[in-house]
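Notes follow the structure.
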Amino acid sequence: MTNSSSQASTHALSTRRIGLAIVILLILIFSLAPILWQLLTSFKTTADIAAIPNVYFPKQLTIEHYTEIFRRQPFLRYMFNSGFVAITSTLLCLLIGTPAAYALARLKLPGEQIVLAATLIVTLFPYILLFLGLLELVRTFGLANHYLALIVPYTAMNVPLTILVMRSFFQQLPRDLEDSAKVDGYSTVQMLLQILMPLTLPALVTTGILTFIAAWNEFLFALTFITRESMKTIPVAVAQLSGTAVFEIPYGALAAATVIGTLPLVLLLLIFQQRIVQGLTAGAVKG
Amino acid sequence: MAQLKLRALNKTYNPQVVPLKDLSLDVQDGEFLTLLGPSGCGKSTTLRLIAGLEQPTRGEIWIGDRNVTEQAPGDRNIAMVFQSYALYPHMTVYDNIASGLKLRRMPASEIRQRIEEVNRFLGLDGLLKRKPGQLSGGQRQRVALARALVRRPDVFLLDEPLSNLDALLREQVRAELKQIFSDQNAPIVYVTHDQTEAMTLSTRVAVLNDGYLQQLDSPKRIYTRPANRFVAGFIGSPQMNLLPLKCDQNCAMLGRYPIPLPDRIRLPEVILGIRPEHVRLARPGETSTLQGQVMLVENLGMSDLLSVQVEGTSIGLRALLSPDQSWGEKNISLVLPAESLHWFDPQTGDRLP
Amino acid sequence: MSKTLRDQERQTGWWLLAPAVILLLLVYAYPIGRSFWLSLFTQNLGTELQPVFTGLNNYGRMAIDGRFWQSIGNTTLFTAISVLLELLLGLGTALVLNQSFRGRGAVRTIALLPWALPTALIATTWTWIFNDQFGVWNDLLMRAGLIKTGINWLGDPHWALWTVIAADVWKTTPFIAILLLAGLQAIPNDLYEAHTLDGASPWQNFYRITLPLLMPQILIATLFRFAQAFGIFDLIQVMTGGGPGGATETVSIYIYATIMRYLDFGYGAALVVVTFLILSLAVAIAAFWLSKLRPAGDWR
Amino acid sequence: MFTVLHLFRTERLPYLRFVALTITCCCCILLWGKIALSQQPIHLSMLTSALDAAQGQSLVAAFEAQNPDIKIDVVEGPNASNLIEDLYTSSFLLGDSPYDLVMMDVVWLPKFAAAGWLLDLTDRIPANDLADFMTADLEGGRYDGRLYRLPVRSDAQLLYYRKDWLQQAGIQPPDTFDQLMAASKLLQSAGISKWGYVWQGRQFEGLAAVFVDILAGFGGFWVNPTDREVGLDHPEAIAALQFLRDTVTSGISPPGVTNYQHEDARRLFQGGEVAFMHNWPYAYPLSNAEDSPIKGKFDIKLMVHQPGLTSAACLGGWGIGITKTTAHPDAALRVAQFYASPDAQRLSILENGYLPTRRSLYADPAILTKYPYFSGMMSVIDNAVLRPPIAQYAQASDILQRYLSAAITDRMSPEAALQAAARETRALLAQE
């Protein structure tokens with residue numbers, strides 16, 4: 001790992017450096033190239049998009065595809081739907097998952113191991129196994145084309161992650177603080193809200209971002225439980241955009257829609273990279 | 001006003017808590033009781049039981065004439081100072097101190113007045129608007145104390161409050177603690193594993209081991225009349241010599257040297273205890289002396305600690321001698337003064353009267 | 001109020017836990033339990049969507065359903081290949097990101113990007129990249145002289161599954177890389193230093209220290225990815241819809257079609273049940289391995 | 001009871017306030033969504049492919065001009081018709097359909113009707129209104145004897161052939177399978193034509209439709225709708241599949257045909273590389289367009305058959321139905337009747353060239369002037385066969401497609417493939 005004896009190493013070190021640089025470059029290309037290509041496509045003129053061979057350096061850039069998706073589709077509405085569903089379910093998820101995580105971390109309940117194990121296992125099951133039963137529930141309760149049809153499953157699918165991440169944060173908190181609060185006379189709920197909540201705010205933000213991403217990105221339930229145009233979320237709306245032009249697939253608009261739909265997530269990632277990594281590893285490895 | 005009574009408290013084993021067996025204690029108003037013992041002895045468990053942070057398996061806890069065994073910690077009107085201070089990191093010092101009072105719905109004006117008061121003799125001026133993160137260790141300690149004092153509780157509980165301070169500060173705060181709590185009118189229960197703290201601060205000391213109360217006495221008697229072999233070995237530094245000896249009629253035999261037993265002791269074996277500081281060099285001409293070889297000399301500064309192998313045995317004896325005395329390179333003659341001897345039953349470990 | 005303090009605390013605990021447990025029961029346990037029940041019925045267009053008890057009939061039908069077995073085969077292939085590739089690439093990426101170099105944070109952020117983006121949107125991106133006429137991938141290959149005419153990546157049954165795998169590998173490698181990176185960072189440097197002092201080469205360092213100590217993370221990452229890949233839906237639904245000719249039809253796609261297209265609820269439920277059982281078995285085996293490995297990972 | 005209160009013991013307000021706020025917010029937003037959706041004049045919604053939506057704009061305009069109290073909202077869907085079917089299916093299945101009208105392909109009808117999603121039109125349309133419709137098209141709108149759909153556009157598969165090449169080679173258009181094979185071989189060996197016969201071999205609905213034609217020509221059947229008998233493992237069916245496979249193995253069809261869809265076939269035919277093509281009528285105007293290299297050089301006829309049997313073309317076509325849960329059934333009926341009316345069909349046909357579903361329009365001078373070949377199409381439609389009108393058609397078709405594809409790509413023998421297909425189809429239909 002560290003530098004060995006200094007004499008012979010200069011040469012070896014520089015080849016190593018170059019090798020490392022090349023590999024890093026490859027990683028960057030691997031991660032970025034598809035996104036950049038889509039970004040470029042979204043700004044190319046329709047003629048350039050359909051040009052053969054491909055145009056890598058367009059002479060002319062345009063924003064017509066962006067204006068088009070907002071003009072032809074209720075794209076703002078999709079954005080609002082996605083945002084509303086994702087934010088609401090994130091808040092609900094924190095509201096429901098955090099107390100549960102605390103109970104599992106501290107309150108020595110009988111059977112908590114079973115709850116914990118079940119929570120863990122549940123994260124492994126793909127949504128396709130749930131959707132038949134949920135479809136029936138949605139029909140029974142008349143929740144079709146209703147935000148709740150998405151909010152409830154999104155909240156539920158993120159609760160296990162919230163429990164795992166928050167539980168590991170709670171366990172890291174010094175116990176004395178809670179004991180002190182109890183001696184001061186805080187009830188369990190007061191303690192959660194007034195003492196622990198402020199302390200776990202960073203953890204809540206971390207978890208919240210992860211759940212937001214998951215909810216924003218969800219496809220299967222959004223595809224199944226929403227059929228009204230005005231209620232669709234971004235992933236479904238964009239995926240269904242692909243066949244709706246008259247004669248051919250509107251690649252430019254599709255690219256623009258993809259860019260817009262991913263933009264919030266890219267921003268989140270740029271701002272909260274550290275936290276996302278933390279949460280991911282806490283959610284997966286600690287469990 | 002109030003008096004803390006523990007009645008036959010039991011806490012059975014579980015992974016999180018050291019067990020406690022049949023502990024009964026009374027702590028009077030203004031009394032400073034220290035729970036002393038090695039780690040794992042049950043002293044923290046006792047404190048947490050009193051606080052209500054753990055529930056006893058059996059037994060009762062009374063504060064004054066209230067049975068608080070089933071009360072929530074917040075309802076017991078106790079105050080506790082934690083080892084880590086447990087200050088709420090997101091609240092200012094003022095809010096930290098006020099939190100317990102606010103929860104009891106005390107008018108703001110009275111809270112302010114009380115904090116002023118505590119402030120006066122803890123010297124927290126200028127710290128009240130800060131957050132705990134901006135304070136030094138000693139300052140945090142004071143805030144933790146203030147938070148307890150301001151409550152005017154029925155019982156004070158202190159859980160190793162000095163152990164996170166560096167050595168110099170610890171001595172200073174120890175002195176302050178004594179002063180502060182001498183004015184308090186409530187029972188004080190103090191947990192530590194540091195016998196100096198126990199000796200200097202307490203009016204009484206309860207030595208615990210293995211969940212059992214070993215001795216409950218004033219610091220002085222704990223030192224001079226340890227109730228059993230454990231207390232004898234635990235209290236005092238360097239540790240008391242505890243020598244298992246065979247008896248021959250009225251004497252315990254230390255190698256070839258007979259040591260007269262007190263009249264009432266008639267056992268085949270006994271344990272002889274003598275503190276190293278009570279062993280002294282034989283004066284020239286003294287008859288009943290013990291011969292031995294010096295194996296090791298440790299310089300402790302104000303005195304030397306000698307490890308001596310008693311002649312004709314494999315028994316080692318430690319003696320604390322002041323360095324102005326002189327002794328031979330190898331061979332040494334020592335005296336074990338009869339008034340400083342302690343006798344213990346090797347079976348039960350109990351003190352033999 | 002004769003309850004003990006402990007009882008009260010416990011009760012508070014249950015109240016805190018209850019909403020989460022109820023929600024999980026409603027959204028996870030009920031649907032799966034319901035599928036077990038429904039799989040004993042025939043409820044489809046033939047019965048005008050009314051349930052008729054037919055016992056294990058659905059399972060018998062499944063046994064001779066060539067399409068079901070093909071979808072199981074596709075799913076297995078997809079899962080095995082993509083998870084394997086993701087592990088290798090993810091481990092490589094993690095090892096690189098574990099080196100110290102300038103701008104590591106930025107590289108790590110960029111490397112994580114594919115994971116954060118919505119699969120359904122990314123699927124449209126890849127569909128476009130692999131387009132047979134205008135796709136940039138064909139263009140690059142042709143410019144490099146590797147192929148003469150464009151390949152219909154998603155339309156050709158021989159290529160479609162591999163194309164979908166490529167997109168999935170791109171999307172989820174970062175997830176594995178990040179998990180493994182966290183594992184790598186938890187390995188104390190002194191272990192390497194001690195081992196190097198013992199005369200170990202970098203390769204031996206990797207093989208004898210990194211790999212064994214990373215094993216728990218590798219297994220957990222594999223388990224997660226296995227379960228996700230086995231249930232892959234959105235990527236394939238958007239890229240190929242299971243086509244061409246069922247070449248990319250995984251179990252999820254088949255279940256979805258059975259329920260949403262054929263309205264064959266009883267049979268769909270039976271498919272759900274079988275998939276659930278297969279997954280549970282795999283998870284149980286993996287968990288067993290994991291529990292055997294745990295002591296080795298407990299050095300922290 | 002008390003324990004709940006105990007939770008919020010002293011300071012319960014922040015918690016409750018937060019919960020209440022969240023709930024209120026949710027309610028407000030949901031309410032707002034509901035209100036925003038309900039508007040004043042009667043809006044009737046219908047999902048069609050983007051292409052149909054574009055082509056149908058003048059129809060909508062015409063209807064709205066005559067009926068100011070009704071607005072038709074056409075929602076653009078994907079162009080692939082199976083995706084439209086899925087969108088309709090999921091919206092009906094959910095029980096909150098945004099659509100009042102259903103523009104449906106003939107093969108969807110049994111499913112939609114069996115699921116109980118369509119309004120029964122049997123007693124709402126006077127019998128004399130129905131007399132003008134082609135029998136086959138009308139039959140395609142019935143399920144279990146009840147009428148659920150008014151046909152607005154007809155379709156039937158045809159054999160396209162290069163009359164110039166046949167004249168050149170001195171042969172008649174083929175009537176039987178053997179003649180088709182022989183003619184193809186002759187044209188190929190003479191170097192006149194690169195390929196003999198193209199069809200749609202990709203695993204999709206088109207393959208099933210091609211097979212239905214061939215099967216009819218061999219005298220076989222797929223599923224008998226009355227007694228649910230499956231005929232796929234009968235010798236006629238096996239012979240039909242053998243024929244399809246032979247076209248590939250003998251080099252009459254290009255090897256890529258097993259991956260062709262309609263447009264692939266049309267491009268090849270229009271590009272002058274093939275003598276015979278199996279396709280829908282939509283290819284006619286395109287191949288006969290001004291810029292088409294084969295303009296005027298081809299003709300159409302019914303698909304070939306075994307000697308002694310007759311041909312039958314696979315029937316396609318679209319019709320309009322009404323959602324059972326629509327709030328405005330009467331208004332919807334007015335729209336449906338308008339779309340099926342002679343005037344509307346004429347308008348649409350003159351713009352887009354689809355086949356009419358009314359006998360009168362096959363004699364319509366305006367239409368015949370523009371599309372002279374329509375005169376021969378009426379008999380084709382009259383002879384058309386429906387794909388099995390069973391509720392589980394989509395499933396049955398997917399089973400058949402899989403095994404047809406396996407056989408023509410040489411992964412299974414025709415016999416084994418069809419036996420497996422028959423077994424699975426029987427298992428499917430036995431589920432009742």
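Within every chain, numbering begins at 1; the chains are lettered A, B, ... in the order of the sequence lines, protein sequences first and strands thereafter.
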Should C:T124 and A:Q38 count as side-chain neighbours, where that means a heavy-atom distance under 4.5 Å?
yes
Evaluate the side-chain proximity of C:T119 to A:N217: yes if any heavy-atom separation is below 4.5 Å, no if none is.
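No. Closest side-chain heavy atoms not under 4.5 Å.
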For A:F125 and C:F276, I'd like to know if the aromatic rings sit close, meaning centre-to-centre distance below 6.0 Å.
yes
Heavy-atom distance under 4.5 Å to chain A: side chain of C:L24, backbone, both or neither?
side chain
Pick from [options] with the largest number of heavy-atom pairs that fall under 4.5 Å of chain A:
options                      : value
C:G33, C:P202, C:A20, C:A221 : C:A20
C:V238, C:L113, C:T173       : C:L113
C:F233, C:F226, C:F230       : C:F233
C:T275, C:T93, C:L89         : C:T93
C:L121, C:L140, C:N138       : C:L121
C:W126, C:W170, C:F101       : C:W170

Of the non-hydrogen atoms in C:A116 and A:I213, which two are nearest, and what is the gap between them?
O-CG2, 3.6 Å
Spell out, as yes or no, whether a donor-acceptor pair under 3.5 Å connects the side chain of C:W128 to the backbone of A:A255.
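Side chain of C:W128 to backbone of A:A255: no pair is present.
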Main chain of A:F219, side chain of C:D234: is a donor-acceptor contact present, judged purely on distance under 3.5 Å?
no
